[in-house]
Amino acid sequence: MSKELTSREADYSQWYNDLVIKGGLADYSAVRGCMVIKPYGFTLWENMRDVLDKKFKQTGHVNAYFPLLIPKSFLSKEAAHIEGFATECAVVTHYRLKSDPNGGGMIVDPEAKLEEELIIRPTSETIIWNTYKTWIQSYRDLPILVNQWANVVRWEMRTRLFLRTAEFLWQEGHTAHATPQEAIDETKQMLEVYAEFAEKYMAMPVIKGVKTANERFAGAVDTYTIEALMQDGKALQSGTSHFLGQNFAKAFDVKFASKEGVEEYVWATSWGVSTRLIGALIMAHSDDDGLIIPPKIAPFHVVLIPFLQKNVEERTAIEAKTKEIKTALEEKGIRVMLDMDDSKRPGFKFAEYELKGIPVRIVIGPRDLANGVVEVARRDTKEKSLVQLEGLEQTITQLLDDIQENIYQKALKFRDDSITKVDTWDEFISVLDGKAGFILAHWDGTSETETKIKELTKATIRCIPLDNPLEDGKCILTGKPSIQRVLFARAY
RNA sequence: CGGGGCGUAGCGCAGUCCGGUAGCGUAUCUGGUUUGGGACCAGAGGGUCGUAGGUUCGAAUCCUGCCGCCCCGACCA
């Protein structure tokens, strides 16, 4: 009752905010645009991070760490790159405070001005390529396959919890290669890693594709993306992998001597996913009762709620049985939250853990104990059933798999039902303003047309899907010839 | 930066039009009864009313400035 949620229908944005705040994932902070990620939200992030980190290592990458602060001049070295980030950089200008001679507080010491300002990294290509210059002389030094887990700052005008905060956590992979093909293969490989993670772990179907010039990363030759669909029909770019060509190698003069003894510029990639994925997760699956988190990354798989009676004998029996169940489940690798709090009634707890999206709830009362069963409720469908204590671990393990699969299938069906092919401008508008979702339509391939469509409708080309079938057609806006449909949507 | 909304107890709000020294719900603490879908009773504690100034005998309330946050838009992952 104290935690009434706004429904999706009433106000989708507010529903999202309610879930983040009341679900205990994050809080607003004292700093504009920056959030506090609370333990429950951070555990979720850690689970996601651990899976990804393992996949990075399996594909040959190692972790390293580069500075938060970047000399301003570094950012200016790659023309497109600075163009993309200049308007959202936080700048450090001084290195000392002093007591305010006019009052109690502190002021920036005007004597302590930095000779060269430092930028708080919005991304690390520049500092990393400046470093790689010293690491690379020969083809024998290649490839370099480095990832870093870090925070970055982008001074956004408008922020939203997880989806767009001024500071966010992410990983950024930065690789250096001797040949363009090797770099392109790396770019595509990491896109696959992201897509597999999104689908297998987050239970969130994604469309893999290439960005158009308008949507490309500042400084990239090609940007590959995974695009997910949220329940309100808007798309969310959920991860990107960039083929950087020789742009940064040229900007930072990073050359290597090839086997043939010829000096060549190094080929590069970068790729990243961020805490934005948590926003994607929330909007992909959750409902009006709260979060729905897929088991594979959920902070807890199961919440155990015993009915604690006053009768000491009964109470002791239930407590003992509950702990026994907890241990048995944990031995099978199931993450269990045990709620023995006596000050809250069961009904309250049911609602609370539904809000938090714990996939499975197990309730144990005296009645159950007598019958050798427990009540098991699944968060995704809200179904309840009585389950034999005998073999409970197997039942729950199976149930968690079922839930993971069900959440994915539900999201997949929604996503597939939300892809519409249109051939005319009128259809395009009517779908955008009606069912929304992804729209496959012909486009004449020019930046001008894409920009015009964005101005008119706020829809952008999310990507040109990989393995896109070629098909002759006419651009929905200009009527000019087109060789393939591209994927449009309004996006976050 | 434009438009809208809001700042009063931990949280959510009323009170502001019409000035008289702050209230409701919830949460918290104590005690008791409860416990199979957000318990109940009794008692208690908790607020420089965002901030600075002005008007007034008297300001949460009227006037002015400032600050902050949220939502919508332009910008972006």
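Values below: all heavy atoms of this structure, side chains included; hydrogens, waters and symmetry mates excluded. Throughout, protein chains are lettered first and strands after them, A, B, ... in sequence-line order, and every chain is numbered starting at 1.
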Using whole Å, what does the distance between atom P of nucleotide B/G10 and atom CG of A/Asp27 come to? 15 Å
Suppose we screen for salt bridge (Lys or Arg N to Asp or Glu O under 4.0 Å). Which residues come up paired with A/Lys349, at least two apart in sequence or across chains? A/Asp339
Watson-Crick or G-U wobble partner for B/A39, using a 3.5 Å limit on both distances? B/U33
Identify each atom pair where a protein N or O and an N or O of nucleotides 73-77 of chain B are less than 3.5 Å apart, giving names and distance.
| from | atom 1 | to | atom 2 | distance (Å) |
| --- | --- | --- | --- | --- |
| B/G73 | OP2 | A/Arg158 | NH1 | 3.3 |
| B/C76 | O2' | A/Glu156 | OE2 | 3.1 |
| B/C76 | O2 | A/Arg164 | NE | 2.1 |
| B/C76 | O2 | A/Arg164 | NH2 | 2.9 |
| B/C76 | N3 | A/Arg164 | NE | 3.2 |
| B/C76 | N3 | A/Arg164 | NH2 | 2.6 |
| B/A77 | O3' | A/Gln237 | NE2 | 2.6 |
| B/A77 | O3' | A/Arg276 | NH1 | 3.1 |
| B/A77 | O2' | A/Arg276 | NE | 3.2 |
| B/A77 | O2' | A/Arg276 | NH1 | 2.3 |
| B/A77 | O2' | A/Arg276 | NH2 | 2.8 |
| B/A77 | N6 | A/Thr165 | O | 2.5 |

Once you round it to whole Å, what is the distance between P of B/U35 and CD1 of A/Ile364? 18 Å
To the nearest Å, how far apart are A/Lys22 NZ and B/C11 P? 13 Å
Give a yes/no answer on whether the side chain of A/Arg32 brings an N or O atom under 4.0 Å of OP1 or OP2 in B/C70. no
Write down the distance between CD (A/Gln14) and C1' (B/G5), rounded to a whole number of angstrom. 12 Å
Just the rounded figure in Å: distance from P of B/U34 to NZ of A/Lys349. 18 Å
Apply ring-ring contact (aromatic ring centres under 6.0 Å, His included) to A/Trp170 and list each qualifying residue two or more places apart in sequence or on a separate chain. A/Phe168
Using a 4.0 Å cut-off on heavy atoms, which residues in residues 277-285 of chain A reach RNA chain B? List them by number, or say none. none
Round to a whole Å and report the spacing from CD1 of A/Ile305 to P of B/G37. 12 Å
Scan every strand shown for a Watson-Crick or G-U wobble partner of B/G73, both distances under 3.5 Å, and answer none if you come up empty. B/C1
I'd like to check the ring-ring contact (aromatic ring centres under 6.0 Å, His included) partners of A/Phe428; sequence neighbours left out, ordered by chain and number. A/Trp425, A/Phe488
Can the ring centres of A/His81 and A/Phe217 be said to be less than 6.0 Å apart? yes
Do the numbers put A/Lys55 on top of the ring of A/Phe197, so that NZ or CZ is under 6.0 Å from the six-membered ring centre and no more than 45° off the axis? no
Any N or O donor-acceptor pair under 3.5 Å from the base of B/G36 to the side chain of A/Lys384? no
Contacts of type side-chain contact (heavy atoms from CB on, under 4.5 Å), residue A/Ala183, not counting sequence neighbours: A/His177, A/Phe243, A/Trp267, A/Thr269
Is it true that the NZ or CZ of A/Lys344 lies under 6.0 Å from the centre of A/Phe348's six-membered ring and within 45 degrees of the ring axis? yes
Report the nucleotide, chosen from B/U28, B/U35, B/G37, that has the shortest atom-to-atom distance to any side-chain atom of A/Arg345. B/U35
Pairs flagged by side chain to side chain donor-acceptor pair (under 3.5 Å) wherever residues 361-374 of chain A is involved - sequence neighbours left out: A/Glu354-A/Arg361
In a table with atom names and distances, give each donor-acceptor pair under 3.5 Å that connects a side chain of residues 296-307 of chain A to protein atoms at least two apart or in another chain.
| from | atom 1 | to | atom 2 | distance (Å) |
| --- | --- | --- | --- | --- |
| A/His301 | ND1 | A/Arg335 | N | 2.9 |
| A/His301 | NE2 | A/Pro295 | O | 3.0 |
| A/His301 | NE2 | A/Arg335 | NH2 | 3.3 |

Record whether the side chain of A/Glu352 comes under 3.5 Å of the base of B/G37 through a donor-acceptor pair of N or O atoms. no
Spacing between A/Phe348 atom CZ and B/U26 atom P, to the nearest angstrom: 13 Å
Provide, to the nearest angstrom, the distance between the CG atom belonging to A/Asp368 and the P atom belonging to B/G37. 12 Å
State whether A/Asn17 places a side-chain N or O below 4.0 Å from either non-bridging phosphate oxygen (OP1 or OP2) of B/C71. yes
Would you measure the distance from the C1' atom in B/U51 across to the matching atom in B/G7 and give it in whole Å? 11 Å
Run the side-chain donor-acceptor check on residues 69-76 of chain A: report pairs under 3.5 Å with partners two or more places apart or on a different chain.
| from | atom 1 | to | atom 2 | distance (Å) |
| --- | --- | --- | --- | --- |
| A/Lys72 | NZ | A/Glu117 | OE1 | 3.4 |
| A/Ser73 | OG | A/Glu116 | OE2 | 2.7 |
| A/Ser76 | OG | A/Lys72 | O | 3.3 |
| A/Ser76 | OG | A/Ser73 | O | 3.3 |

